[in-house]
Amino acid sequence: MFNLISTYWPHILFVISLLMGAAAAIHATMTKEEVRAAIGWVGVIVLSPIVGAVLYAIAGINRIRRASLSLRRDALMPQADLDELETFDAEAEIVISGFGRRFAALQTLGDRVARSPISTGNTIDMLETGDDCYAAMKTAIDSAERSVLLETYIFDRDSIGLRIADALIAATKRGVEVRVLIDAVGARYSVPSILGYLEDGGVSVSVFNGNVIIGLRLPYANLRTHRKMVIVDGRVALTGGMNIRAGFTREFAGEDFACDTHFMVTGPVVADLFDIAAEDWRFTTGEELTGDEWRIAPPEREPGDPVFMRVVASGPDRRVETNHKMLMGAFSVARTSIKIMSPYFLPDRELISALATAARRGVEVDIVVPASNNLVLVDRAMTAQFDQIVSNYCRIWRASGAFSHSKLLSIDGVWSYVGSSNLDPRSLRLNFEIDLEVLNEGFANEIEEHIDEAIRSATPVTLQGLRSAPFAARLLNKVLWLGSPYL
């Protein structure tokens with residue numbers, strides 16, 4: 001056998017490479033929904049069949065194309081409470097009378113691509129700093145009587161992380177049902193991780209998509225949960241863009257603390273947030289969060305009351321690109337203004353075309369990104385793409401001051417979109433995200449004022465400035481931009 005292998009190893013290697021390459025290429029062709037992704041992977045596989053097939057097996061195959069595991073509202077509530085909750089769903093006529101037919105069209109889009117309806121009778125409060133957010137989070141956990149469900153990307157074992165962890169441990173000890181789900185990569189942003197501390201305190205904790213090499217921090221690994229949610233007693237929820245890290249607080253990081261925004265919500269929208277978080281918990285652990293402890297509290301406001309809201313979940317499963325579709329629809333109905341704040345602004349060609357088309361229609365498009373970014377490679381790739389946007393009547397602003405991690409969007413001072421999604425390929429296609437669609441002029445004005453405040457001290461990005469950069473810098477930016485789908 002050894003002599004046979006030593007004599008014919010080139011032929012054996014050729015057959016193996018042919019079989020591996022063919023299998024990988026066929027799989028990529030049959031499963032990729034975007035032609036550019038399919039062509040890219042097939043090209044890599046054909047040029048290097050064995051290495052390309054191995055790379056595709058590691059990074060190219062989506063292993064989380066899960067079927068819908070949603071508990072849905074009917075498993076969360078008694079029938080009488082369910083019937084009451086459904087009375088808060090917004091009818092198209094209410095949206096038309098309050099906001100016009102174009103936003104009713106956007107409602108129809110959301111009904112067809114997102115699984116949650118727009119509901120009335122909600123409230124939403126913006127928490128503009130980590131100090132505000134973590135204080136509200138701790139207060140909510142301290143007040144919990146039945147249950148706490150927390151899902152996050154990063155949960156650092158630092159001063160703030162330990163403060164929140166202690167609140168969760170204390171809730172567990174007084175008999176509250178507590179579940180904590182942390183992304184497997186995000187859990188390792190601090191060493192040692194918070195996992196052992198929570199487990200030692202009696203908290204039920206697990207990691208999402210834990211197929212990550214133990215002890216290895218992989219910030220660009222795919223198929224992460226980037227969602228941030230805390231649901232307490234089925235009554236109040238906190239969600240948005242903020243991870244649990246001391247660097248977002250003035251208390252521990254000083255005046256140079258990183259900025260972000262988070263939101264506290266009540267009303268029917270809490271049931272939909274719980275639906276998503278409970279699905280992620282069941283997907284990870286197999287445990288169904290049912291029973292009286294996890295019952296959704298009846299809304300306190302009346303049907304038809306502001307704020308109109310929808311939970312938009314997206315991710316590399318059956319809800320792939322849901323956030324992308326919502327943004328495309330929103331840009332198409334804008335008439336006067338589109339205001340965007342994002343730390344990582346790397347939209348694909350479709351979103352760039354939608355923004356450019358809106359701007360050519362006379363819509364004022366303002367995009368705010370940080371002047372200093374915590375991810376240098378992403379910032380360089382962003383810069384390489386700015387000329388495509390600025391040359392099409394859109395304005396880009398580099399915000400001064402500390403790094404801002406906020407993800408905010410407002411259309412015409414009426415419609416807002418806030419949450420965990422960045423405007424980059426990772427959030428739009430590779431991560432599990434959670435966002436809120438909000439129809440309310442007061443809230444939209446609050447978002448726009450937050451963005452306008454950043455613009456007042458920001459520096460505009462100009463074509464002249466982009467083109468005057470040294471050639472070597474522009475070339476490096478373009479090279480990094482080629483890898484933007486994976487940054």
Side-chain angles (χ1 to χ4, degrees), residues 118-141 152 160 164 226-232 235-245 247-251 257-270 272-273 300-301 305-312 323 326 330 337-343 366-370 399 401-423 433-457:
I118 286 185
S119 61
T120 64
N122 300 290
T123 66
I124 182 167
D125 295 305
M126 184 163 65
L127 307 169
E128 298 191 45
T129 67
D131 300 85
D132 295 335
C133 171
Y134 304 131
M137 190 179 297
K138 184 178 183 302
T139 298
I141 295 170
T152 189
I160 282 295
I164 299 300
H226 196 239
R227 296 167 176 165
K228 295 95 175 174
M229 293 178 280
V230 181
I231 301 100
V232 177
R235 174 184 54 83
V236 63
L238 291 95
T239 189
M242 207 171 300
N243 293 297
I244 301 175
R245 315 190 81 177
F248 288 101
T249 66
R250 180 180 282 107
E251 178 183 359
F257 70 98
C259 301
D260 207 338
T261 47
H262 219 63
F263 304 90
M264 177 176 283
V265 300
T266 66
V269 72
V270 173
D272 296 320
L273 287 169
E300 296 181 0
R301 304 193 67 167
D305 286 351
V307 176
F308 290 41
M309 295 174 63
R310 184 202 309 272
V311 173
V312 181
N323 47 11
M326 293 296 296
S337 66
I338 298 174
K339 293 182 183 291
I340 299 171
M341 176 177 282
S342 180
D366 289 288
I367 302 151
V368 180
V369 299
F403 170 68
S404 175
H405 193 247
S406 295
K407 309 103 165 44
L408 307 173
L409 189 152
S410 180
I411 303 291
D412 293 352
V414 175
W415 185 91
S416 304
Y417 197 76
V418 299
S420 67
S421 292
N422 298 303
L423 279 173
E433 306 283 358
I434 193 77
D435 299 295
L436 297 175
E437 174 191 13
V438 185
L439 262 174
N440 181 267
E441 291 184 6
F443 181 74
N445 290 334
E446 190 176 2
I447 295 298
E448 292 196 352
E449 176 55 33
H450 189 90
I451 296 174
D452 288 341
E453 183 179 355
I455 290 176
R456 283 190 280 271
S457 59

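Heavy-atom basis, side chains included; hydrogens, waters and symmetry copies ignored. What you are looking at is a predicted structure, and each value in this text was computed from that prediction instead of being measured.
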With side-chain contact (heavy atoms from CB on, under 4.5 Å) as the test, pick out the partner of Asp272 among Leu436, Val311, Ile434.
Val311
Asp132 side chain to Leu127 main-chain N or O, any donor-acceptor pair under 3.5 Å?
no
Taking side chain as C-beta onward, heavy atoms only, is Thr266 less than 4.5 Å from Glu300?
no
Does some side-chain heavy atom of Val414 sit less than 4.5 Å from a side-chain heavy atom of Leu439?
yes
Would Thr261 and Val418 satisfy side chain to side chain contact (heavy atoms under 4.5 Å, CB included), going step by step from the backbone distance to the final call?
CA-CA 9 Å; Thr261 47; Val418 299; over 6 Å; no
Could you go step by step and tell me if Thr249 and Ile160 meet the side chain to side chain contact (heavy atoms under 4.5 Å, CB included) rule?
CA-CA 9 Å; Thr249 66; Ile160 282 295; 3.8 Å; yes
So which heavy atom on Ser342 is nearest to which on Asn422, and how close?
OG-CA, 4.1 Å
Arg235 and Val270: side chain to side chain contact (heavy atoms under 4.5 Å, CB included), yes or no, with the steps?
CA-CA 7 Å; Arg235 174 184 54 83; Val270 173; 6.0 Å; no
Would you check if the side chain of Glu437 reaches a backbone N or O of Arg310 as a donor-acceptor pair within less than 3.5 Å?
no
For Met242, is there any backbone N or O sitting under 3.5 Å from a side-chain donor or acceptor partner on His262?
yes
Measuring from Glu433:CD to Lys228:NZ, what's the distance to the nearest 0.5 Å?
6.5 Å
Exam field: side chain Asn122 to backbone Phe308, donor-acceptor pair closer than 3.5 Å
no
Pick from Leu409, Asn323, Val312: which one makes a side-chain contact (heavy atoms from CB on, under 4.5 Å) with Ser421?
Asn323
Asn445 CG to His450 NE2 distance, which is reported to the nearest 0.5 Å
14.5 Å
What are the two closest non-hydrogen atoms of Gly419 and Lys407, and how far apart are they?
O-CD, 3.3 Å
Where do Ala136 and Leu238 come nearest, in terms of heavy atoms and distance?
CB-CD2, 4.0 Å
Considering all heavy atoms, the nearest Phe257-Arg250 contact
CE2-NH2, 3.4 Å
Would you mind checking if Lys339 and Asp452 are paired as a salt bridge, meaning a charged N to carboxylate O distance below 4.0 Å?
yes
Inter-residue atom distance Ile367.CD1 - Ile338.CD1, 0.5 Å rounding
8.5 Å
I need the Ile455 CD1 to Asp366 CG distance, nearest 0.5 Å.
4.5 Å
Do Ile447 and Met341 touch side chain to side chain, with heavy atoms closer than 4.5 Å?
no
Is the side chain of Asp435 donor-acceptor paired with the backbone N or O of Ser420 at a distance under 3.5 Å, no angle test?
yes
Donor-acceptor pair, distance only, cut-off 3.5 Å: does the side chain of His405 make one with the backbone of Ala258?
no
Specify the closest pair of heavy atoms between Phe248 and Cys259, including all atoms of both residues, with the distance to one decimal.
CE2-O, 3.9 Å
Rounded to the nearest 0.5 Å, what separates atom CG in Asp412 from atom CD in Glu441?
10.5 Å
For Ser416 and Ala444, which heavy atoms make the closest approach, and how far apart are they?
OG-CA, 3.3 Å
Can you tell me how far the CD1 atom of Ile451 sits from the CZ atom of Arg456, to the nearest 0.5 Å?
11.5 Å
Can you establish whether the number of heavy atoms outside Glu449 located under 6.0 Å from its atom CD is more than 12?
yes
Using a 4.5 Å cut-off on heavy atoms from C-beta on, say whether the side chain of Arg301 contacts that of Thr123.
yes
Got a donor-acceptor contact below 3.5 angstrom from the Asn440 side chain to the Gly442 backbone?
yes
